[in-house]
Amino acid sequence: MGDATTSARLLAHALSQPGAWVDHPWEGHTVAKVGPKIFAFVDEASIGVKCGRGRADADEWLDLFPGDASGMAYIGRDGWNTLRVAGSIPLEDLIDAIDTSYEAVVSRLPRSQRPATG
């Protein structure tokens with residue numbers, strides 16, 4: 001079982017990114033998007049984030065946090081991992097993972113869909 005307070009904090013952090021907004025594309029699933037693209041899946045037990053350009057980059061998380069990091073179903077081959085919220089991964093690392101995922105997704109958006117930066 002995860003930690004609802006920590007998950008709420010992680011979702012709030014994701015939504016604090018420029019142009020971020022919350023969506024519920026599937027029943028019972030909350031995601032943070034920038035433009036039309038998801039950059040974080042957030043639930044009480046875990047977050048799903050882009051951790052690298054591909055599986056090899058994302059596997060570093062699996063090596064560092066065995067049992068608390070895994071490749072995401074369907075999109076794991078593209079560098080997406082599931083990171084357990086109430087496990088051994090420090091909160092600061094989860095926040096950094098959200099930031100990294102956001103930056104990776106924004107960098108691949110067409111300029112017209114990127115959020116304005118101050």
- Task: Would you list the pairs meeting salt bridge (charged side-chain N to carboxylate O under 4.0 Å, His left out) in which at least one residue belongs to residues 10-21, sequence neighbours left out?
- Result: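 Applying salt bridge (charged side-chain N to carboxylate O under 4.0 Å, His left out) to every pair that reaches into residues 10-21, excluding sequence neighbours, yields nothing.
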- Kindly state each residue pair satisfying salt bridge (charged side-chain N to carboxylate O under 4.0 Å, His left out) with at least one member in residues 89-116, sequence neighbours excluded.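 Counting only pairs at least two positions apart or across chains, no salt bridge (charged side-chain N to carboxylate O under 4.0 Å, His left out) contact touches residues 89-116.
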- Message: Once rounded to the nearest 0.5 Å, what's the spacing between atom SG of Cys51 and atom CE of Met72?
- Response: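 Going from SG on Cys51 over to CE on Met72, the span is 9.5 Å.
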- Ile38 and Val105: side-chain contact (heavy atoms from CB on, under 4.5 Å), yes or no, with the steps? CA-CA 8 Å; Ile38 296 170; Val105 170; over 6 Å; no
- Any residue meeting salt bridge (charged side-chain N to carboxylate O under 4.0 Å, His left out) with Asp57, in chain and number order, not counting sequence neighbours: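 Salt bridge (charged side-chain N to carboxylate O under 4.0 Å, His left out) list for Asp57, sorted by chain: empty.
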- Query: By salt bridge (charged side-chain N to carboxylate O under 4.0 Å, His left out), which residues pair with Arg55, not counting sequence neighbours?
  - Reply: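 With sequence neighbours excluded, Arg55 shows a salt bridge (charged side-chain N to carboxylate O under 4.0 Å, His left out) to Asp59, given in chain and number order.
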- Please name the pair of heavy atoms, one in Pro115 and one in Pro18, separated by the smallest distance, quoted to 0.1 Å.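 Distance-wise, the nearest heavy atoms are CG-O, 3.3 Å.
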- Message: Under the rule for side chain to side chain donor-acceptor pair (under 3.5 Å), what residues qualify as partners of Thr100, not counting sequence neighbours?
- Response: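 In terms of side chain to side chain donor-acceptor pair (under 3.5 Å), with neighbours along the sequence ignored, Thr100 is linked to no residue.
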- Partners of Asp68 by side chain to side chain donor-acceptor pair (under 3.5 Å), sequence neighbours excluded?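 For Asp68 the side chain to side chain donor-acceptor pair (under 3.5 Å) partners, ignoring immediate neighbours, are Arg84, Ser88.
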Partner residues of [X] under the side-chain contact (heavy atoms from CB on, under 4.5 Å) criterion, sequence neighbours left out:
X: Ala32; value: Ala14, Leu15, Phe39, Ala40
X: Ala69; value: Trp61, Leu62, Phe65, Leu83
X: Thr6; value: Asp3, Leu10, Val85, Leu91
X: Glu60; value: none

- Query: Run the side-chain contact (heavy atoms from CB on, under 4.5 Å) check on Thr30 and Val22 step by step: do they pass?
  - Reply: CA-CA 7 Å; Thr30 301; Val22 69; 3.6 Å; yes
- Query: Which ring-ring contact (aromatic ring centres under 6.0 Å, His included) pairs, counting each pair once, include a residue from residues 9-36, with sequence neighbours left out?
  - Reply: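 Pairs touching residues 9-36 that pass the test: none.
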- Message: Suppose the criterion is ring-ring contact (aromatic ring centres under 6.0 Å, His included): which pairs have a residue in residues 70-99, not counting sequence neighbours?
- Response: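 ring-ring contact (aromatic ring centres under 6.0 Å, His included) check on residues 70-99 returns Phe41-Trp80.
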- Kindly say whether Val49 contributes a backbone atom to a donor-acceptor pair with the side chain of Ser101 at under 3.5 angstrom?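 No: the side chain of Ser101 does not pair with the backbone of Val49.
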- Take atom NZ of Lys33 as the centre, draw a 6.0 Å sphere, and report whether it contains more than 12 heavy atoms from other residues, nucleotides or ligands.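 Check passes, neighbour count above 12.
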